[in-house]
Protein chains: 4
Amino acid sequence: MSAPMSPEAEPARVPEGILVHPTGARSRRVHEAALRATCDLLDEGGLPAVTVDAIAERSGVSKATLYKHWPSKTAVAAEAFGRRMAETVALPDTGTARGDLAEQVRLVSAFYASPAGTVFAQLLAACVSDPGAAPYFRVYFLHGRRVAIGVLWERAVRRGEVDPAIDVETAIDILFGPLVFRLISGHRPLTPEEADAISGAALYGLLRHTSTGAD
Amino acid sequence: MSAPMSPEAEPARVPEGILVHPTGARSRRVHEAALRATCDLLDEGGLPAVTVDAIAERSGVSKATLYKHWPSKTAVAAEAFGRRMAETVALPDTGTARGDLAEQVRLVSAFYASPAGTVFAQLLAACVSDPGAAPYFRVYFLHGRRVAIGVLWERAVRRGEVDPAIDVETAIDILFGPLVFRLISGHRPLTPEEADAISGAALYGLLRHTSTGAD
Amino acid sequence: MSAPMSPEAEPARVPEGILVHPTGARSRRVHEAALRATCDLLDEGGLPAVTVDAIAERSGVSKATLYKHWPSKTAVAAEAFGRRMAETVALPDTGTARGDLAEQVRLVSAFYASPAGTVFAQLLAACVSDPGAAPYFRVYFLHGRRVAIGVLWERAVRRGEVDPAIDVETAIDILFGPLVFRLISGHRPLTPEEADAISGAALYGLLRHTSTGAD
Amino acid sequence: MSAPMSPEAEPARVPEGILVHPTGARSRRVHEAALRATCDLLDEGGLPAVTVDAIAERSGVSKATLYKHWPSKTAVAAEAFGRRMAETVALPDTGTARGDLAEQVRLVSAFYASPAGTVFAQLLAACVSDPGAAPYFRVYFLHGRRVAIGVLWERAVRRGEVDPAIDVETAIDILFGPLVFRLISGHRPLTPEEADAISGAALYGLLRHTSTGAD
DNA sequence: ACCTAACCGAGACGGTACGTCTTGTCTTGAT
DNA sequence: ATCAAGACAAGACGTACCGTCTCGGTTAGGT
């Protein structure tokens with residue numbers, strides 16, 4: 001949680017792609033005013049409501065200054081959204097890996113189906129056409145989520161419940177990629193039942209479990 | 001594959017959300033000219049190059065007419081892209097389900113990593129902020145793909161190689177959702193190795209295969 | 001009042017610039033339906049509300065047919081307005097020429113200040129950018145007015161009250177030109193008092209009346 | 001003659017209806033570039049050639065900026081035309097009021113019959129359907145003309161040649177209203193002879209000069 | 001009673017201009 | 001030196017209206 005954008009501290013240790021604001025005293029004030037205004041705008045109208053002019057007007061930070069702190073409005077929105085959502089990550093602990101992971105898939109599915117999930121989808125989509133914003137989204141939002149789930153996975157590996165040969169990144173993508181796909185394309189709903197079907201298939205695999213008896 | 005937009009044929013059987021242009025004789029000419037021009041634009045500059053004005057200028061179809069045929073430029077691009085890609089679906093046949101599915105994941109991964117994959121990502125992203133275009137993308141692109149993979153899955157089910165309790169939709173999302181997630185967010189590369197890791201984990205499941213010994 | 005556009009009668013005796021509709025039986029119906037619809041539109045929103053599409057929709061007359069009967073929408077509006085206003089010309093008879101003319105100036109001033117006067121101004125203005133419509137406005141509206149005032153003038157000439165050397169056309173323009181100028185440019189109001197000031201100055205001339213005797 | 005649009009000078013003393021652009025340093029450059037381009041367009045194709053897009057392209061001033069400086073393209077054209085014509089007002093001095101006024105009517109009549117007169121008519125007409133532009137036309141064109149003629153009239157009043165009871169505004173309208181009427185409606189030509197007929201009738205009045213004694 | 005034109009409705013279409021919106025750069029002046 | 005305020009160019013957007021056109025259906029008048 002060390003503030004990765006603290007400018008005067010170590011401006012060199014910059015996560016690649018993330019701007020470090022100019023020199024540095026009123027910067028903090030500017031930074032936070034902009035993020036707060038952007039949060040409000042996100043609440044009111046989602047990403048479409050986040051306009052550089054709107055942020056400038058709300059926050060009292062001028063457009064020129066905004067462009068010194070972020071490469072684009074999407075980056076501001078990504079950072080604002082990421083910070084706001086940072087506290088909402090609550091890890092389940094059901095006692096078993098399959099229980100934890102299934103519950104987590106349910107939770108994320110519910111999150112995607114909520115208003116905040118809409119904003120998430122908008123940000124994800126915006127990053128496609130705005131590559132400069134992608135690092136912000138990864139650092140300020142995705143990273144925290146992946147770390148959290150990494151904890152679950154590590155626990156499961158330690159317990160010997162999951163296949164240790166599988167990379168945690170792969171596991172995450174298999175569990176949540178389907179949800180993301182549905183969120184974006186909207187070809188299927190994001191209900192708890194669907195979430196369970198997905199986690200079930202992901203945990204046990206698509207192949208037939210012939211093992212037990214004769215086929 | 002009867003032209004689904006032929007108006008006088010069956011104007012009633014409209015896939016929901018897909019516009020059927022008003023009456024309809026010169027319509028066909030207009031429709032195809034617009035799609036052809038849009039394809040060219042997609043080739044040259046991806047979705048950002050697809051502008052209503054550009055389509056109009058290239059195709060000789062006026063803007064007003066374009067808006068009578070499609071709800072937005074994204075819809076035109078989705079239909080154009082979908083039609084163009086319709087023929088490229090080639091199903092592997094390796095003899096086993098796990099071989100077929102793994103190969104298909106590799107193929108799709110390669111597709112996503114290609115220039116056309118970039119356009120795919122742009123369209124997917126655009127549909128988030130342009131709901132009117134989503135049906136076009138689903139009908140003209142996604143549908144064909146899902147049907148094709150459905151064939152693979154059916155074959156696998158018939159062979160008894162995969163778990164028949166798993167819905168084909170769920171299977172598809174688990175196999176390709178991770179690829180889509182990576183394509184959009186760019187947090188991980190789309191290499192053949194990664195594709196294999198994903199298909200492997202999806203086929204065999206995340207849980208530890210205790211099967212060998214006593215359970 | 002003889003229908004000057006009756007086609008089968010004498011299609012040759014066409015006032016220059018006025019279209020004579022094709023051959024001729026349903027023509028009358030079309031003609032009148034269009035004019036009636038146009039009148040309604042003029043009432044509701046003035047000339048800006050008169051759109052070719054709007055006339056077509058209201059009247060049930062197709063656009064193509066409208067263009068066979070009139071060169072432009074302004075022409076339709078001019079004819080419609082002219083016919084509608086034809087009956088409103090009421091000539092004053094006060095006993096003296098100066099009384100008649102002054103009263104007429106007051107009446108016309110009041111007309112210009114009324115809603116119908118707004119439409120008159122719009123039509124006049126439209127004729128500048130739509131030369132094809134000008135003949136319609138002259139024939140169906142201005143002509144009747146000028147004829148009516150010509151009667152007044154003739155009477156005044158016969159009575160020996162006005163200068164017989166002055167052309168009636170000149171007299172008309174001097175009396176009403178100022179009103180038209182004000183109507184269009186809006187630099188001065190169109191009140192009864194102003195009307196009297198204008199007719200007074202026009203009747204007695206701008207020069208000082210030294211005639212009587214010593215001053 | 002003091003630049004009436006200099007913003008920082010006295011932004012309050014605004015002729016009603018005339019926009020005063022927001023703040024204002026580069027404003028002057030923009031303002032003049034737009035007016036110059038508009039003048040060129042007026043020369044080449046009259047008011048119909050004056051298009052917001054055309055002005056923007058020619059002048060390098062963006063459309064959005066144009067709309068911040070003027071309420072409509074007609075307003076730009078009116079200001080451009082007015083400024084351009086400002087220097088052309090040359091007052092006659094024949095020694096007598098009737099000579100001066102008659103000559104002025106001839107001059108204005110000739111002006112109306114010239115290409116510039118066509119533009120004048122177009123602007124006058126456009127102001128009917130574009131009320132926002134009318135103040136511009138009055139302030140930048142009509143006002144100068146009326147002031148100039150006011151000088152003539154004052155001189156005539158001082159000389160005791162004209163009726164001092166007649167308001168200068170009324171006199172102006174009676175002398176030039178007929179010309180404007182003819183210009184717009186085109187019912188009569190604008191020849192020098194007609195101009196003399198008009199000024200003669202206006203100066204001496206319509207009533208018969210009878211009266212008293214010998215002529 | 002037909003038959004053959006002309007006429008008509010309906011409305012799609014290309015074209016042109018509109019007025020608005022957002023982005024990212026640049027300038028000015030105050031702190 | 002930094003910043004707010006905001007003007008500005010660029011260019012896409014979606015709409016409106018125009019005038020032309022193509023399509024069938026209808027009506028009439030000549031046979």
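Lettering of chains follows the sequences in order, A, B, ..., and the numbering in each one begins at 1. The basis for the numbers below is simple: all heavy atoms, side chains too, and nothing from hydrogens, waters or symmetry mates. Not measured: the values here are computed from a predicted model.
Remark: Arg29(B) is in phosphate contact with dG14(E), judged by side-chain N or O atoms under 4.0 Å from OP1 or OP2. Distances shorter than 4.0 Å separate some side-chain N or O of Ser27(D) from OP1 or OP2 on dC8(F). OP1 or OP2 of dC13(F) has at least one side-chain nitrogen or oxygen of Lys73(B) nearer than 4.0 Å. Using a 4.0 Å cut-off, no side-chain N or O of Arg28(C) falls inside it from OP1 or OP2 of dC7(E).
Minimum heavy-atom separation, His69(C) to Ser27(C): CE1-O, 3.8 Å.
Heavy-atom nearest nucleotides on DNA chain F were determined for Thr65(D) and for Ala64(C), and the one closer to the 5' end corresponds to Thr65(D). For the pair Tyr67(C) and Pro71(B), both in contact range of DNA chain F, the more 5′-proximal nearest nucleotide belongs to Pro71(B). Of the residues near DNA chain E, Val30(B) and Ser72(A), the one whose nearest nucleotide (by heavy atom distance) lies more toward the 5' end is Val30(B).
Salt bridge annotation for Arg58(A)-Glu44(A): present, with a cationic side-chain nitrogen under 4.0 angstrom from a carboxylate oxygen. The pair Arg28(A)-Glu32(A) fails the salt-bridge criterion, with no side-chain N (NZ, NE, NH1 or NH2) lying under 4.0 Å from an Asp/Glu carboxylate O.
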(message) Set out, in order, the CA-CA distance, both residues' side-chain angles and the distance that settles side chain to side chain contact (heavy atoms under 4.5 Å, CB included) for Tyr140(B) and Ile18(B), then state yes or no.
(response) CA-CA 10 Å; Tyr140(B) 291 104; Ile18(B) 306 269; 4.0 Å; yes

(request) Could you give me the CA-CA distance, side-chain angles and deciding distance for Lys73(D) and Tyr67(D), then say whether side chain to side chain contact (heavy atoms under 4.5 Å, CB included) is met? (result) CA-CA 8 Å; Lys73(D) 62 162 195 168; Tyr67(D) 280 107; over 6 Å; no

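Following rounding to the nearest Å, His69(A) (NE2) and dA4(F) (P) show an atom-to-atom distance of 8 Å. What separates CG of Leu66(D) from C1' of dA7(F) is a distance of 13 Å, to the nearest Å. Taking atom NE2 of His31(D) as the reference point, atom P of dA9(F) lies 14 Å away to the nearest angstrom. Asp130(C) places its CG atom 14 Å from the C1' atom of dC17(F), with the value rounded to the nearest Å. Per the geometry, CZ belonging to Arg26(D) stands 5 Å off C1' belonging to dT27(E), to the nearest Å.
Atoms CD1 and OG1, from Ile55(C) and Thr65(C) in turn, are 12.5 Å apart once rounded to the nearest 0.5 Å. Rounded to the nearest 0.5 Å, atoms OG1 (Thr51(A)) and NZ (Lys63(A)) are 10.0 Å apart. Taken to the nearest 0.5 Å, the OG1 atom of Thr118(D) stands 11.0 Å off from the CG atom of Leu123(D).
Contacts between residues 40-63 of chain B and DNA chain E, counted as heavy-atom distances below 4.0 Å, involve Gly60(B), Val61(B), Ser62(B).
Centroid-to-centroid, the aromatic rings of Tyr136(A) and Phe81(A) stay 6.0 Å apart or farther.
Axis angle between the ends of the helix from dT4(E)-dA28(F) to dT31(E)-dA1(F), five pairs each and rounded to 10 degrees, works out to 10°.
Ranking dC8(E), dG11(E), dC8(F) by closeness to the Lys68(C) side chain, first place goes to dC8(E).
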